[in-house]
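Quick notes on the structure that follows.
Residue numbers start at 1 and run along the sequence shown.
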Amino acid sequence: MAQSDTVDRILDAAEELFAERGFSETSLRMITSKAKVNLAAVNYHFGSKNALIQAVFARFLTPFAETLDEAFDELEARCQDTPPSLDQTLWALTESAVRMPQRNEKGISIFMRLLGLAYTQSQGHLRKFLEAEYSDPFGRFMKLLKDATPDLSAVDRYWRIQFMLGATAFTMSSSDALREILENKLGVETSVEEIAARLVPFLSAGLQAENIVLPPMRDATFA
């Protein structure tokens, strides 16, 4: 078996199992069994489970980061001295993800599940890896968001970005199920590209929504 083929089979198996079971719940033995390789092959090519997790993310994020940088270059060239609008920035991000060549039709869905797990499961090594490897393109995205939402406080912007990420991760990671429900309920077929097209204006509106300060909630026990 060629070395590149072995690496791809290990990564394919790890990606699918991590998305299905989570990082902690997936053992190297499960991965080697699915990939039909021995443990020595995983140790040789990756060295550790943490390094394998990082490699799964890098396989998607490295080409995506390059595509995103190019998209931002083109966007800023079109806008010249005017800061890109929020819609333009979100479209650049979304189109970069949707238009990337995928190894299979579930590529984006699987990756978004993995991204959600990176937030919810304790994977400190992964957060450090992502910050070290991809801080430039995603720091650039965050700056564009900040420039497009000057009226938001740092706290409001933080929370709205988290809400945006949550909505995106749920929608794209569940895209297969959501498309099936829509077809069964309304007889309408849709594509990942159309889902993204509907998602962007929703995210933009949420990020720019009027800020409403709610009064402190009263403790129901003493109401």
Fill in the blank from the handout: Between L145 and L90, the two heavy atoms sitting closest are CD2-CD2, 4.3 Å

Problem - Non-hydrogen side-chain atoms of T32 and I10 separated by less than 4.5 Å - result: no

Practice task
Decide yes or no for L186 and I181: does some side-chain heavy atom of the first lie under 4.5 Å from some side-chain heavy atom of the second?
Solution key: no

Practice task
Please round to the nearest 0.5 Å and tell me the distance separating atom CE of M164 and atom OG of S204.
Solution key: 10.5 Å

Fill in the blank from the handout: In terms of heavy-atom contacts, S109 and S175 come closest through CB-OG, 4.0 Å

Fill in the blank from the handout: The reported gap from OG1 in T89 to NZ in K143 (rounded to nearest 0.5 angstrom) is 10.5 Å

Problem - Gap between atom CG of L61 and atom CG of L115 - 0.5 Å precision - result: 7.5 Å

Handout entry: Verdict with reasoning, L52 to L11, per side-chain contact (heavy atoms from CB on, under 4.5 Å)
Key = CA-CA 8 Å; L52 176 57; L11 288 171; 3.9 Å; yes

Practice task
Mind telling me whether F141 and F72 have parallel, tilted or perpendicular rings, with 30° and 60° as the class edges?
Solution key: parallel

Handout entry: With R198 via side chain to side chain donor-acceptor pair (under 3.5 Å) - residues at least two apart
Key = E194

Exercise for the section: Hey, can you tell me if F138 and F64 have their rings parallel, tilted or perpendicular (30° and 60° cut-offs)? Expected result: tilted

Fill in the blank from the handout: Heavy-atom nearest pair, V42 first then V37, reads CG2-CG2, 4.5 Å

Handout entry: Non-hydrogen side-chain atoms of I195 and L178 separated by less than 4.5 Å
Key = no

Problem - Common cluster, L165/L152, ILVMFWY with side-chain heavy-atom separation under 4.5 Å - result: no

Practice task
Inspect the contact between E20 and K34 and indicate whether a charged nitrogen and a carboxylate oxygen are less than 4.0 angstrom apart.
Solution key: no

Problem - Any donor-acceptor pair under 3.5 Å from S33 side chain to R29 backbone - result: no

Practice task
Can you tell me which residue pairs pass the side-chain hydrogen bond (donor to acceptor under 3.5 Å, both in side chains) test with a partner in residues 157-173, sequence neighbours excluded?
Solution key: T149-R157

Completion exercise
dist S24:OG -> K49:NZ (nearest 0.5 Å) comes out at 6.0 Å

Handout entry: Option from R59, R113, R21 for which salt bridge (Lys or Arg N to Asp or Glu O under 4.0 Å) with E15 holds
Key = R59

Handout entry: Closest contact, heavy atoms only, A71 versus A92
Key = CB-O, 4.2 Å

Problem - Cluster check F111, F170: I/L/V/M/F/W/Y, side chain < 4.5 angstrom - result: no

Handout entry: Sub-4.5 Å side-chain heavy-atom contact between F18 and I110
Key = no

Exercise for the section: Report the distance from atom CD of Q208 to atom CD of E210, rounding to the nearest 0.5 Å. Expected result: 13.0 Å

Practice task
Looking only at non-hydrogen atoms, find the nearest pair between W91 and A196 and report the distance.
Solution key: CH2-O, 4.4 Å

Handout entry: Same apolar cluster (I L V M F W Y, side chains within < 4.5 Å links), L39/F46
Key = yes

Exercise for the section: Evaluate the side-chain contact (heavy atoms from CB on, under 4.5 Å) criterion for residues T6 and H45: first the C-alpha distance (whole Å), next the side-chain angles of each, then the deciding distance (0.1 Å), finally the verdict. Expected result: CA-CA 9 Å; T6 302; H45 290 294; 3.9 Å; yes

Practice task
Take F163 and L207 through the test side-chain contact (heavy atoms from CB on, under 4.5 Å) and record every step on the way to the result.
Solution key: CA-CA 9 Å; F163 300 153; L207 282 165; over 6 Å; no

Problem - Residue pair P150 / D147: nearest heavy atoms and the distance that separates them - result: CD-O, 3.5 Å

Problem - Check: Q88 and L144 side chains under 4.5 Å, non-hydrogen atoms - result: no

Handout entry: Side chains of T94 and M172 in contact at under 4.5 Å (non-hydrogen atoms)
Key = no

Problem - Rounded distance [0.5 Å steps], CG in N43 versus CG in L28 - result: 7.0 Å

Handout entry: Salt-bridge present (R140, D136; N to O < 4.0 Å)
Key = no

